[in-house]
Amino acid sequence: MELRLSEDQEFIARTAADFVKEKSPLARVRELRDKGDAIGFSRALWKEMAGLGWPGILYPEALGGAGLGFAELVLVMEELGRTLAPEPFLSTVLLAGQALARSGDEAKMKAWLPKICAGDAVLTLAHQEAGGRYDLDAVSTTAKANGAGHRLDGEKIQVLDGHVADALLIPAQTDGGIALFLLPAATTKGLTITRQQRLDGRGVALVKLEGVEAGPETQLGAPGAGRALLHDAVDRACVGLCAEMLGAMQQAFALSLAHLKEREQFGAPIGSFQALKHRAADIFIEIELCKSAVMAAARALDADSPEVPALVSLAKAKCSDGLILAANEGVQFFGGVGMTDEYDIGFYLKRARAAELSFGDAAHHRARWATLAGY
Amino acid sequence: MELRLSEDQEFIARTAADFVKEKSPLARVRELRDKGDAIGFSRALWKEMAGLGWPGILYPEALGGAGLGFAELVLVMEELGRTLAPEPFLSTVLLAGQALARSGDEAKMKAWLPKICAGDAVLTLAHQEAGGRYDLDAVSTTAKANGAGHRLDGEKIQVLDGHVADALLIPAQTDGGIALFLLPAATTKGLTITRQQRLDGRGVALVKLEGVEAGPETQLGAPGAGRALLHDAVDRACVGLCAEMLGAMQQAFALSLAHLKEREQFGAPIGSFQALKHRAADIFIEIELCKSAVMAAARALDADSPEVPALVSLAKAKCSDGLILAANEGVQFFGGVGMTDEYDIGFYLKRARAAELSFGDAAHHRARWATLAGY
Amino acid sequence: MSEASPRKTSDETGFREATRVWLLENCPPSLQGKSQVAIWGGRKWRPENPDERVWLERAASKGFSAPMWPVAYGGGGLSKAQNKVLLSLLRELRIPLPLVGFGLTMIGPTLLQYGTEAQKREHLTRIARGEVLWCQGYSEPGAGSDLAGLQCRAEEDGDEYIINGSKIWTSNADAADWIFCLVRTDPDAPKHEGITFLLMDMDQPGVTVRPIKLISGSSPFCETFFNDARALKANVVHKVNAGWTVAKALLGHERSMIADAFGVGGTGGTKRVSLAERARRYLPSDKSGRLGDPVLRDAIAQSEINARAFALTVQRSKDGMRAGHNPGPESSMFKVYGTELNMARHELMVRIAGPQALGWEGAGFEADELALTRDWLRTRGNSIEGGTSEVQRNVIAKRVLGLPD
Amino acid sequence: MSEASPRKTSDETGFREATRVWLLENCPPSLQGKSQVAIWGGRKWRPENPDERVWLERAASKGFSAPMWPVAYGGGGLSKAQNKVLLSLLRELRIPLPLVGFGLTMIGPTLLQYGTEAQKREHLTRIARGEVLWCQGYSEPGAGSDLAGLQCRAEEDGDEYIINGSKIWTSNADAADWIFCLVRTDPDAPKHEGITFLLMDMDQPGVTVRPIKLISGSSPFCETFFNDARALKANVVHKVNAGWTVAKALLGHERSMIADAFGVGGTGGTKRVSLAERARRYLPSDKSGRLGDPVLRDAIAQSEINARAFALTVQRSKDGMRAGHNPGPESSMFKVYGTELNMARHELMVRIAGPQALGWEGAGFEADELALTRDWLRTRGNSIEGGTSEVQRNVIAKRVLGLPD
């Protein structure tokens, strides 16, 4: 595993950076928030991204994708993460897309992956419940056998883009363990979807299932495969999130550095004060470690390495702490104005916390690392 | 509980400070170490301290003591801790002395406490075994019923001043739980005492018991009282140790501050560099917190407060971290010379670690705090 | 003023009984047991419950709105001991303070120390009667920690000053009637020596106020702009260009208030839900009743131990002060540690609540979870406002530890 | 020099095979499989196993003691690729390096860059043959992080310099024959411009050496005193008063070596006992095989995660360098993080071992426990030696982040 970008990869990263600079400044996110946008992202921009091939990066050309890998995907997500772009990568491309792509269910893959690659569908996977904290196996939504199909009851929280998803993957407990059911949002009876408002503006929803009748055609993958699909999809989304976090921490730090150089106090730029310098140096180091961690996790996924779970946990543990450090210190460096909504640094503080507490916090992933290492 | 010294207490503290300055500089500890002194402390100085009434501070006047309390004792131990004075306060006055004093065993109290107060006897309590870590109840030394008495087998480690103790209190498992046996060192058969060399020079010993016959007259206190005596004595010794640590951290910090003011680098005293200033400010704060913690624990003991165990754990958790901070940062402030044996700061680094890992480390006491608080 | 003025009662028990009777008779029943009500007063004040005005007026007549101020300036002339009795009765009967605000706690004490006789008569009396609500104009958008670097300037014009510039973090400026502020009167002098402490009526066309939205949502803070605003020269406190002296005295009041607030917080003096109770809501416990997440349990214990050690330290300082020791620059320690403790505690509460700490509003979050999100965000300002942690550490290093510049 | 010189073999496989044969034939059997043996050479060298000298001499004749140096100066003239093959064979056969030391790694490369032809012929040849052991005289008791503030002075006297002053942290000075050091030749010039890089024979009355005892016990460090010591002017490297340029180049070598060492440490490249294995020795495990102390388990995982993230970062940097990126000042990052990681890891090992980490010598402690105590103490110097963490953070802030002075 070589930790270096190829020329093609550097080109992808540059393209994404240019795109973000031009089309997706943080001001766009602020505007979506301020006008209380019902969708929370831009469908038009999502189509444009699809035009660049981004939602399809991971998927085979036969299904409308680019046939590349996570090494490329994380470059795009890192750039998008710099300005907290809210388009539905995590939900559609990673959570749902990866569950579909790994299910072996040709019919469903053909039905949905081309739409995902084209930016024409939003999908999601409802991996969280109220009592479950970060344990993916803590699924209390039930799927009781009901004729040839199942009857689903339960509630899912903070389902990413659940409020605009065309279809939702719902993990539920069957007699044979966790299974995933793909339910179309518009036509499924007994499904109630309520938009939730999170501090970081990322679109999430409460999803209630009351006597939902899920026909046999809705179950994804072979019986018994649901649990693995769920874990694998969340691990992959987690790496995507880490890439976003990496972009966000770099941007928060860039804002901070600019401020440290410009802002004068006591007759000198505050960046000349040694205590702040040393703290800035520490942030720099942590970001460098996060870069390596994200790169390694992405490459491990592409190589189908047995180290995948450990490197995913490493990336999430480091990026959680790294982004929080960059954001907390950023606000402190900015001082009073950093506390105002008018300045951008607060957006990173909010995203830092939301990202930390998604797909397991740092302590959760340290514990997982230890378990994987056998201690 | 008022956290303020009375005039009498201020006088005791000043007397102790003057005594330490004159009679117990760190050079004395260095000399004892360098000459490989077999005892490890000065019997003459111990007599002098007894002359000042220090070993007897806690004990009734009828038994040769001063009838004062922990509020006074910690002031003396804090001053002695500044220069790491090795005299046997922890072993004799606190571990053994407190077990005796709380046992209700008039005969043994009369036999030993006057000698302790006069500086004429060294006693100790062997609270540690190899596998037990910080769990006082993990006693695997056995006391099997043997006629009217018991037969003791087992091994104790790092017994404070065990190599010079006139008598040792040995916790052992009887059928009725933990009991304490007071064994004279010189005349007890089957007792092997080996001096151990610890990094901080504090005198400790391995104590091996092989078929030791302990007559009924050796058992301390009522049957079943041993466990409580053991816990109470260790808690009290722990507060004494915290006072020593408080003195040590203040002295390490004083050495550091003097160096920060004197030492010039890049044309300025290094204490003018803001990064070091801020770290010094943090050490100052931690020391202030430790002062309050030690004072509160001592006063709680004197008031026989139900908060004793929690405040002991609070003091040990704070003082462990505080002394390590002051010592680690001290060596860093001194730079290269701080790493040499020639400078004194290294003595504090070594003591910091030895003290941290005695009577439970910070994490152990945080866990105990949580248990006491019911979570 | 009542005939049997309690001030004339020679012993405290008498004072306590007389005051208790007076309070029960004069505080409107709708406010008894309502100690959480904050009575701000001022021209723009429109209390929801009209009894609040009744209570303020009666208490002011009695001298209880500013109990320890001299009677000549509208105060109650109470001794320290009597004031303590009054406060304990208010607490006991859960009757709200007749008046709160910066007039009472900040500019009032400052005028008592530095004001002219005319200023005291005019302003203190109006403060004590709750007629004027005050705000503070210290910080400026450009100045930050470097308070003395302020730019807002005042130029002489006859018996007036003309003021131009702006102030930030002017709490409650949108409700206030008067502002006390620092202005630059000599731009050529060294920065600490060209500053004047000036009082200004805000009800004039040259003053505009814009509320500030924080990352945690709406806030009492405002930005206040002066565009040819005017103030009489008679409203200069202390001497022209000697405002820094007054400012420092006033900052002392502020810092000890903040330290106090955090100190009390640390002791758990205000009833708060314990971290462990919070944790039980989100985490399973093991068979022995311990929190099932031992790593969080350790962090909770650390937080509680630090809070307790801090509370003990605040107590030790107070006990020392009662014994006559002066509070020195080590009070910076209370600011820096108290605030950072509070911040760390909130971060921990967020970690405990997990995804439920991410709500902004609406469905799927309990009210106290939504409050936690905002509270946590708000605490990030603790280490900035009232003197940053960096400034406090500088002060400790220089003035307590004697480290060189 | 052997006839079938492997340098002439055009393909690597041929070189590999020829070299393997040569190594097996020429390395004395008593040293095969003894890769841990360190061969220092020098005049005072008295190896316990006389075969060490045999091996050094044979390897030197072959050019393998300084494989990549030019043949003219006693080197092997190997290409980078060939050198890699040689090293991998030594590792594979567990044959010790024929020579180690500062001559080879520090002054040698420096002379190749800055030395005169005469200096190269004299010194490099003797280094390659293991005849002279070198030590380094940079730091001074008074200078510390401010390396350029050095005071040790050299005054001209005919074709010699007379040197007075002292150097500290001169590793192995008590075994060394020559010292390369920085001396002040112009006390009136700005501090970086009056320094000369000078080579000096230590076997003279004006040079005395005192070993330094550390808090961890005895050490290779010494203090070296010059009392009218002498050196020929011909032993000035580069120009007089231009020694700082040479010093910086040499420091570059040193820092990348240190970063490398810690980087490799971080990957677990050197076999080390894992923290978890250590923990199992002192802590019970629960039924599922997890460490019974979840708080320590979390700390161990944190330490391992940091170590792995650091190793990945070292790798990323190397992979980038292979692609032609230059190592910039961000290498300071490797020094500061690598050392602090190592220090934190040792503190954690001490916490894991508990009271058993407190041994100094003698009864009641295992040998590896006693080693841990010393190792931990020794690591406290990691953040000081080779440029303090504070200096490294300054470098990062200034040269990587562009923060102002």
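These values consider heavy atoms only, across backbone and side chains, with no hydrogens, waters or symmetry-generated copies.
The greatest number of non-hydrogen atom pairs below 4.5 Å with chain B, out of Ser139(D), Ser383(D), Ala148(D), Gly149(D), is found for Ser383(D). Per-residue counts of heavy-atom pairs under 4.5 Å with chain B were compared for Gly381(D), Ala357(D), Gly362(D); the largest is that of Gly381(D). Comparing Val295(D), Thr388(D), Leu377(D), Thr373(D) by how many heavy-atom pairs each has under 4.5 Å with chain B, the most go to Leu377(D).
Contact of Pro141(D) with chain B is made through the backbone alone, with heavy-atom distances under 4.5 Å. Using a 4.5 Å cut-off between heavy atoms, Phe221(D) makes no contact with chain B at all. With a threshold of 4.5 angstrom between heavy atoms, Arg351(D) approaches chain B through its backbone and through its side chain. Heavy atoms of Ile345(B) lying under 4.5 Å from chain D are absent altogether. Neither the backbone nor the side chain of Leu370(D) has a heavy atom closer than 4.5 Å to any heavy atom of chain B.
Remark: the backbone N or O of Trp360(D) is not paired with any side-chain donor or acceptor of Gln197(B) at under 3.5 angstrom. A donor-acceptor pair is defined here as one N or O able to donate and one able to accept, closer than 3.5 Å; no such pair exists between the side chain of Arg133(B) and the backbone of Pro355(D).
The line from OG of Ser219(D) to CG of Asp341(B) is 10.5 Å long, rounded to the nearest 0.5 Å. Taken to the nearest 0.5 Å, the CG atom of Asn328(B) stands 7.0 Å off from the CE atom of Met343(D). The line from CE of Met339(B) to CD1 of Ile212(D) is 11.0 Å long, rounded to the nearest 0.5 Å.
Heavy atoms only, all atoms of each residue included: Asp146(D) and Phe266(B) are closest at OD2-N, 2.9 Å. Closest approach of Gly354(D) to Leu357(B), counting heavy atoms only: O-CD1, 3.3 Å. Of all non-hydrogen atoms in Ile215(D) and Gly338(B), the two that sit nearest each other are CG2-O, 3.9 Å.
The pair Arg210(D)-Glu342(B) counts as a salt bridge, with a side-chain nitrogen and a carboxylate oxygen less than 4.0 angstrom apart. One finds no salt bridge joining Glu361(D) and Arg198(B) here, because no Lys/Arg side-chain nitrogen approaches an Asp/Glu carboxylate oxygen to under 4.0 Å.
Between Val204(B) and Leu358(D) the shortest side-chain heavy-atom distance does not fall below 4.5 Å.
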Could you check Leu206(B) against Phe365(D) for side chain to side chain contact (heavy atoms under 4.5 Å, CB included), going step by step and ending with a plain yes or no? CA-CA 10 Å; Leu206(B) 275 181; Phe365(D) 302 100; over 6 Å; no
